[in-house]
Visitor: 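First the structure, which I've put down as structure tokens, then a few questions once you've had a look.
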Amino acid sequence: MPGLKRHRERDQEVRRRILTELFGRGGETVWMQPPFFCDYGTNILLGERVFFNFNCVVLDVCVVRVGDFTLFGPAVQIYTATHPLNAELRRRQEYAMPVEIGSDVWIGGGAVLCPGVRIGSKAVIGAGSVVTRDIPDGVLAAGTPCRVIREITD
């Protein structure tokens, strides 16, 4: 997101306009630390007050839905683009699968979310995790591949 980087934090009106134009939804309340990288932006649908820390990447060939009050640590990567496992097909095909992230989710720095995953609301994903399958609501999950460690209780 080079446009944001050129504008200082005090240039809030300009930064807000750029974010509102970039995202399919949610640019009015998102908080972003540049740089930020994405394919299109219009396929990224954000809830209220989503936060992206520095250096996040969203390959939004397909829709990425993010719920309210979700936090992304630095260098989080979200991929919707994927390829066939068959080498012959891979030469000619690419496809995408949507990613859905609930509300009140915290995704630790350096985590990678693979195509087609769903992360439930109030989940926490540990730093450096590689999420290859769905994660239910209200759990701490971490690792490579990411797996549920325990439920989150008050």
Side-chain angles (χ1 to χ4, degrees), residues 1-82 95-143 146-154:
M1 181 97 263
L4 278 185
K5 200 166 187 177
R6 285 191 297 253
H7 298 283
R8 299 192 185 278
E9 286 207 33
R10 68 177 173 253
D11 299 331
Q12 288 301 308
E13 283 185 35
V14 175
R15 292 179 117 201
R16 187 60 54 204
R17 182 183 49 75
I18 291 168
L19 293 170
T20 301
E21 290 174 7
L22 175 66
F23 293 117
R25 184 179 72 220
E28 305 81 21
T29 63
V30 66
W31 185 258
M32 176 166 310
Q33 296 294 346
F36 175 83
F37 305 94
C38 63
D39 282 324
Y40 303 103
T42 55
N43 290 329
I44 302 171
L45 307 176
L46 304 174
E48 293 292 313
R49 295 184 55 195
V50 171
F51 173 76
F52 286 96
N53 212 323
F54 297 98
N55 231 13
C56 288
V57 174
V58 181
L59 301 185
D60 63 319
V61 176
C62 199
V63 172
V64 175
R65 291 187 203 295
V66 180
D68 300 338
F69 303 101
T70 289
L71 309 173
F72 295 94
V76 168
Q77 300 177 53
I78 303 170
Y79 306 148
T80 63
T82 189
Y95 59 99
M97 299 180 344
V99 171
E100 185 175 337
I101 302 162
S103 295
D104 296 299
V105 174
W106 175 22
I107 300 179
V112 174
L113 281 57
C114 292
V117 299
R118 181 193 174 281
I119 297 176
S121 292
K122 298 183 180 178
V124 174
I125 305 298
S129 296
V130 178
V131 182
T132 59
R133 60 179 63 104
D134 292 353
I135 303 297
D137 294 351
V139 298
L140 168 63
C146 189
R147 64 180 178 79
V148 173
I149 305 295
R150 66 175 175 85
E151 284 188 44
I152 298 172
T153 58
D154 292 333

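Everything numeric here is computed off the predicted structure, so don't read it as measured data.
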Visitor: May I ask you to test the Arg15-Ile18 pair for a side-chain heavy-atom distance under 4.5 Å?
Guide: no
Visitor: Just wondering, do Lys122 and Asp104 contact through their side chains at under 4.5 Å, heavy atoms?
Guide: yes
Visitor: Find out whether Gln33 and Phe51 are in side-chain contact, i.e. whether some heavy atom of one side chain is under 4.5 Å from a heavy atom of the other.
Guide: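 Yes - at least one pair of side-chain heavy atoms lies under 4.5 Å apart.
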Visitor: So do the side chains of Thr132 and Val130 get within less than 4.5 Å of each other, counting heavy atoms only?
Guide: yes
Visitor: If I take atom SG from residue Cys38 and atom CD1 from residue Ile78, how far apart are they, to the nearest 0.5 angstrom?
Guide: 10.5 Å
Visitor: Which heavy atom of Ala81 sits nearest a heavy atom of Pro115, and at what distance?
Guide: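 Smallest interatomic distance, heavy atoms only, reads O-CG, 3.3 Å.
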Visitor: Decide yes or no on side-chain contact (heavy atoms from CB on, under 4.5 Å) for Tyr95 and Thr82, but give the supporting numbers first.
Guide: CA-CA 6 Å; Tyr95 59 99; Thr82 189; 3.2 Å; yes
Visitor: Identify the two heavy atoms, one from Gly120 and one from Val105, that lie closest to each other, and give their separation to 0.1 Å.
Guide: O-CG2, 3.3 Å
Visitor: If every non-hydrogen atom of Ala123 is compared with every non-hydrogen atom of Pro136, which pair is closest and at what distance?
Guide: CB-O, 3.8 Å
Visitor: Give the minimum heavy-atom separation between Arg133 and Val117, together with the two atoms involved.
Guide: N-CG1, 3.7 Å
Visitor: Enter the distance from Cys146:SG to Ile125:CD1 here, rounded to the nearest 0.5 Å.
Guide: 4.5 Å
Visitor: Got a second to check how far Arg49's CZ is from Glu28's CD, nearest 0.5 Å?
Guide: 14.0 Å
Visitor: Does Asp137 reach the main-chain N or O of Ser121 with its side chain, forming a donor-acceptor pair under 3.5 Å?
Guide: yes
Visitor: Does a sphere of radius 6.0 Å around CZ in Arg65 hold more than 12 heavy atoms from other residues, nucleotides or ligands, not counting ones at 6.0 Å or beyond?
Guide: no
Visitor: Do the non-hydrogen side-chain atoms of Leu113 and Ile101 ever get within less than 4.5 Å of each other?
Guide: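 Leu113 vs Ile101: side chains touch.
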Visitor: Any non-hydrogen side-chain atom of Phe52 less than 4.5 Å from a side-chain atom of Leu46?
Guide: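 Sidechains of Leu46 and Phe52: in contact.
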Visitor: Would you sort out whether Ile107 and Ile119 count as a side-chain contact (heavy atoms from CB on, under 4.5 Å), showing the intermediate values?
Guide: CA-CA 10 Å; Ile107 300 179; Ile119 297 176; 4.1 Å; yes
Visitor: Under the criterion side-chain contact (heavy atoms from CB on, under 4.5 Å), I'd like the reasoning laid out for Ser103 against Phe69: C-alpha separation, chi angles, the key distance, then a yes or no.
Guide: CA-CA 6 Å; Ser103 295; Phe69 303 101; 6.0 Å; no
Visitor: On a heavy-atom basis, which atom in Pro34 and which in Phe54 lie closest, and how many Å separate them?
Guide: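 Heavy-atom minimum between the residues: O-CD2, 2.9 Å.
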Visitor: Can a salt bridge be assigned to the pair Glu13 and Arg17 using a cut-off of 4.0 Å between side-chain N and carboxylate O?
Guide: no
Visitor: Testing Thr80, Val63, Val66, Asp60 one by one against Val99 for a side-chain contact (heavy atoms from CB on, under 4.5 Å), which residue passes?
Guide: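 For Val99, the side-chain contact (heavy atoms from CB on, under 4.5 Å) check succeeds only for Thr80.
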Visitor: Please verify the inter-ring angle class for Phe23 with Phe36; under 30° counts as parallel, over 60° as perpendicular, anything in between as tilted.
Guide: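 If you compare the ring of Phe23 with that of Phe36, the planes turn out perpendicular.
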Visitor: Any chance you could measure Trp106, atom CH2, to Ile152, atom CD1, to the nearest 0.5 Å?
Guide: 9.5 Å
Visitor: Taking it one step at a time, do Arg118 and Asp134 satisfy side-chain contact (heavy atoms from CB on, under 4.5 Å)?
Guide: CA-CA 5 Å; Arg118 181 193 174 281; Asp134 292 353; 3.7 Å; yes
Visitor: Quick one: closest heavy-atom pair of Asp68 and Glu48, and the distance?
Guide: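 Asp68 and Glu48 have their closest heavy atoms at OD1-N, 2.6 Å.
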Visitor: Out of curiosity, Asn55 CG to Gln77 CD, how far, rounded to the nearest 0.5 Å?
Guide: 8.5 Å
Visitor: I'd like to check Ser129 versus Val112 (side-chain heavy atoms, cut-off strictly below 4.5 Å). Are they in contact?
Guide: no
Visitor: So, taking the atom named CG in Leu22 and the one named OG1 in Thr42, what distance separates them when rounded to the nearest 0.5 Å?
Guide: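 Spacing of CG (Leu22) from OG1 (Thr42) equals 8.0 Å.
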